[in-house]
Enquirer: 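Just passing along the structure, written as structure tokens.
The first residue in the sequence is number 1, and the count goes up from there.
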Amino acid sequence: MTAQEFQARRVERISDSFASFIGSTSADKLDWTPDLYPESAGRTILSMVDEVIKVNIRIANLLASGQPDTGAPSNGENPVPFESVEAMQQAVVESGKLLASRVRMMTEADLSR
């Protein structure tokens, strides 16, 4: 197994696991912020899902083009709304598959950059 295949499989497994955790979270907690203390910076599941999807796509595009995305990075604020938990899970898995496919296309020379 190549290093690229190993890493691609890890990306897919992590995406699948995250999607599973999303599905096991009760609906009332998806947009809930766990602020235990006034100074804590808790984040909602929705903001984390949004960031994971955007980062997966951003890195996949970087691997495909070799050029960094010059747009503002995702900070998880103002997440894209999802119609359902299933749509959220599917978006996470699909973005993971996209990233994994780009990792699989990397050459040995790409790994040394």
Enquirer: Yes or no on side chain to side chain contact (heavy atoms under 4.5 Å, CB included) for F18 and V93, after CA distance, side-chain angles and deciding distance?
Expert: CA-CA 8 Å; F18 187 44; V93 170; over 6 Å; no

Enquirer: Charged N to carboxylate O under 4.0 angstrom, R58 versus E51?
Expert: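 Not counted as a salt bridge, because no side-chain N and carboxylate O are separated by less than 4.0 Å.
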
Enquirer: Listed by chain and number, what are the side-chain contact (heavy atoms from CB on, under 4.5 Å) partners of N61, not counting sequence neighbours?
Expert: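 For N61, the residues satisfying side-chain contact (heavy atoms from CB on, under 4.5 Å) (neighbours in sequence not counted) are I57, R102.
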
Enquirer: Do the charged groups of E12 and K97 touch, with an N to O distance under 4.0 Å?
Expert: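 Judged by the 4.0 Å cut-off on N to carboxylate O distance, E12 and K97 do not form a salt bridge.
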
Enquirer: Between atom CD of Q89 and atom OG of S15, what is the distance when rounded to the nearest 0.5 Å?
Expert: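 The CD atom of Q89 sits 12.0 Å away from the OG atom of S15.
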
Enquirer: Locate the shortest heavy-atom distance separating M88 from L30; write the atom from each residue and the value.
Expert: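 Looking at all heavy atoms of both residues, the shortest contact is CE-CD1, 4.2 Å.
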
Enquirer: Does the D50 side chain pair with the main chain of S47, one donor and one acceptor, at a distance under 3.5 Å?
Expert: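 No, the answer is negative, given that no donor and acceptor are paired below the 3.5 Å cut-off.
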
Enquirer: Looking only at non-hydrogen atoms, find the nearest pair between A91 and I53 and report the distance.
Expert: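 Minimum heavy-atom separation between A91 and I53: CB-CD1, 3.5 Å.
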
Enquirer: If you measure from CZ on F6 to CZ on R104, what distance do you get to the nearest 0.5 Å?
Expert: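 Separation between the atoms: 12.5 Å.
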
Enquirer: Looking only at heavy atoms, what is the nearest atom pair of A60 and L98, with distance?
Expert: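 Between these two residues, the closest heavy atoms are CB-CG, 3.8 Å.
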
Enquirer: What do the steps show when you test V49 against I22 for side chain to side chain contact (heavy atoms under 4.5 Å, CB included), and what is the final call?
Expert: CA-CA 9 Å; V49 167; I22 294 165; 3.4 Å; yes

Enquirer: Evaluate the side chain to side chain contact (heavy atoms under 4.5 Å, CB included) criterion for residues Q4 and M105: first the C-alpha distance (whole Å), next the side-chain angles of each, then the deciding distance (0.1 Å), finally the verdict.
Expert: CA-CA 8 Å; Q4 297 91 323; M105 292 189 304; over 6 Å; no

Enquirer: Could you pull out all residues at least two apart from Q90 that satisfy side-chain contact (heavy atoms from CB on, under 4.5 Å)?
Expert: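 side-chain contact (heavy atoms from CB on, under 4.5 Å) list for Q90, sorted by chain: E94.
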
Enquirer: Is it the case that one hydrophobic cluster holds both M48 and I14, taking links as side-chain heavy atoms less than 4.5 Å apart, direct or via other members?
Expert: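 Unlinked, M48 and I14 end up in two clusters.
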
Enquirer: Which pair of non-hydrogen atoms, one from I45 and one from K29, has the smallest distance, and what is that distance?
Expert: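 Minimum heavy-atom contact is CG1-O, 4.0 Å.
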
Enquirer: List in chain and number order the residues that pass side-chain contact (heavy atoms from CB on, under 4.5 Å) with I59, two or more places apart in sequence or in another chain; answer none if no residue qualifies.
Expert: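 Scan of I59 (side-chain contact (heavy atoms from CB on, under 4.5 Å), adjacent residues dropped) gives V55, L63, L99.
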
Enquirer: Please step through side chain to side chain contact (heavy atoms under 4.5 Å, CB included) for the pair D16 and F21, ending with a clear verdict.
Expert: CA-CA 9 Å; D16 290 344; F21 291 135; over 6 Å; no

Enquirer: Roughly how far, to the nearest 0.5 Å, is CG of L46 from OG1 of T25?
Expert: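 It is 10.0 Å, given to the nearest 0.5 Å.
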
Enquirer: Check A100 against V11 and note the closest heavy-atom contact, atom names and distance.
Expert: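 In terms of heavy atoms, the two residues are closest at N-CG1, 4.1 Å.
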
